[in-house]
Amino acid sequence: MLELEDIQHYLLTRPHATIAQYNFITFRSAEAGRNWVNALSDIVGNAKTVMAASETDMRWVSLAFTFNGLRKLGLDEDSLATFPEPFRQGMAARAQMFGDTGRNHPDNWEDKITSEDLHAVVILFARDKAERERCIKQHDEYLKDNPGVEILSSLLIEAVPPLEYVHEHFGYRDRITTPVIEGMGIEATPGSHAPSKPGEFFLGYPDDAGVIPVQPQPEILSKNGSFLGYRKMREHVGAFRDFLKANGKTPEEQELVAAKIMGRWRKTGAPLVLCPDKDDRELGFDNMRNNNFDYEKMDPHGYACPVTSHVRRMNVRDSRVSRIMNRRLIIRRGGTYGPYLPDDAPDDGANRGIAVFGGCADLARQFEFLISVWANDPEFMELNERDPFAGSNDGSFELTIPKRPIKKKLKGLNAFTTVTGGAYFFLPGIKGLKYLASLK
Amino acid sequence: MSNNSKNGWSTPAALALPKEGYFKKEDGRYGPVFPQTPANYGFTIIVKVKPGREEAIREYGKTIEAAVKANPEFLGPLKLHYLRWVLFDVGSGLHFMYQGIFDTDFDKYMEDAIALFHSSGVTTVFVNLEGFPEDWKTNIPAVTKFFREHQRPSFLEYGEYPYVSAEEVKKALKLKAAFSEMLDQMQ
């Protein structure tokens, strides 16, 4: 059973928030960093209280650290060496493996995210703008008390209209599929993965292989912790809309092209496998039906949902491709940043996109595999293609839409997204935070 | 390797490789990635066998045979062409050679391979080899490192029909069968 009172709420529950702020932090001295961690550890929301919280409970702070951050706080070298290699190296050092090349290269990343001085991220959730101001002000007070702790950069996360459903800047509905963890009292919806073992996401518990994997040391620091892979992706809304117009004559045809890219209809999330020709709003919003499908039996050739579409690559649902799909899951958290671009407005060149944390227990097996292989491996299913939504495309790849009698190939697929940030963090449990604050 | 070279499946090709097994070091999740050659991707792992374990290892040949017989798709996710398991002794003790030819670099499907072997009980064949980590059940990175350290890259690879994937071969044969069936029906 998960120790909910010791696990940060971040991966287990979604607070009633519409706004969040990521503050990327540097510690000028170990002592200042430890004081800051100590002060914040008292208001970090644990899973138990946040899940039970009323809408007025505002303890929605989450704290996570880079490898350099743990070292700066004074964690000894022997312990540091027990942390997994991807985390020790950092995401930017592994860019080539990810496929983060060309304009996606870490040299071009924003927010000083690749700085050696990036030590921590604090995530502040708020129900509304006024509440966010209060949280930021309160956090600024903490910083005043700890002059050796500074904000390197900040990112404001805010939902874009229309607010009736959660979606990103291209208009794709989000948060339809999320892993369920055994023992949390939540049943997986029909067609979803069976509940995961807690060890897939939290350190110190048995994972889906039935064992507790070797953990970073000391245990008081690692137990109930998780790793977070952060990705910031700029979305080129104008380029995306141009692509739809170039490949669809009518709005209906354009909507179908958009759906073929994702594998689900844009505004409702209704899966193409279940409604290949026309959107079905009721189906899209029915949680008992919107994941109740597979590809292997229902759409083996991809006539409904292209094999290369985003949801089919990220969640393959096909035992011919993988038999360990339940070992490739991540819990996604995050949202959109940047101004909303209305449907009829020309692209204003503003910086807008998504900034997401993927939580898991094993960065290489879960987070890195999803991006480097299922999103960015051109050899995936022998397509010579990358994920048309999240892959690092540069015009040299195609988008194959299986169709009778002959498949349709949309050539010269340019990137609608650019990776503009990425980093690895360790999200400790509450005891782990206290341990870090107590280091000498 | 550029995609263009893959179009030349009808022209046999050979490729000599540097000592390291790659021209330019590119890292995967667990170590260097080896390039596609006319004989596609693959590995050759050579490890010394613990004394007295020869028969135990040979038995695992039958385990794999039975697993594939029971479920022909058993090894499907690994995107294999061929596997070869060899035991030999050229004077320095008994060694086990595990050679595989794949359509993808093995870095990408390492966990699938370990899970498949684990599910069929085959992982334990490796406990008969010297240096296999004692804590292999809980320490996947150590298992991965073991395979990595015993990989011996090729310095020459040849393909009579270079760069062709197993899936393409199967599709071509299916198409051929479908055409003969069609011609029969037209008699």
Is [X] in contact with chain B via its backbone, its side chain, both, or neither, using a 4.5 Å heavy-atom distance?
| X | value |
| --- | --- |
| A:D318 | neither |
| A:S372 | side chain |
| A:R94 | side chain |
| A:R327 | neither |
| A:V321 | backbone |
| A:E368 | both |

**Study point:** Contact origin within B:D107 toward chain A - heavy atom pairs under 4.5 Å
**Key:**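 For B:D107, there is no contact with chain A at all, as no heavy atom is under 4.5 Å.
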Is the ring pair [X]/[Y] parallel, tilted or perpendicular, if the boundaries are 30 and 60 degrees?
| X | Y | answer |
| --- | --- | --- |
| A:F227 | A:F83 | perpendicular |
| B:H95 | B:F88 | parallel |
| B:F126 | B:F132 | tilted |
| B:Y22 | B:F34 | tilted |

Check your understanding: Taking the six-membered ring where the residue is Trp, are the ring centres of B:W9 and B:Y161 under 6.0 Å apart?
Key ->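 Ring-ring flag for B:W9/B:Y161: false, centres at least 6.0 Å apart.
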Review point. Among A:R323, A:M97, A:R320, A:E85, who wins on heavy-atom pairs under 4.5 Å with chain B?
Key: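 Looking at each of A:R323, A:M97, A:R320, A:E85 in turn, A:R323 comes out on top.
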Point to revise | Heavy-atom pair count under 4.5 Å with chain A, highest-scoring of B:L78, B:N139, B:D135, B:V33 | key: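 Looking at each of B:L78, B:N139, B:D135, B:V33 in turn, B:N139 comes out on top.
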Check your understanding: Considering only heavy atoms from C-beta outward, does the side chain of A:L410 approach that of A:I401 to under 4.5 Å?
Key ->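 Answer yes - side chains close enough.
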Review point. Can any side-chain N or O of A:S392 pair as donor or acceptor with the backbone N or O of A:D100 at less than 3.5 Å?
Key: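 Not confirmed, A:S392 side chain does not pair with A:D100 backbone.
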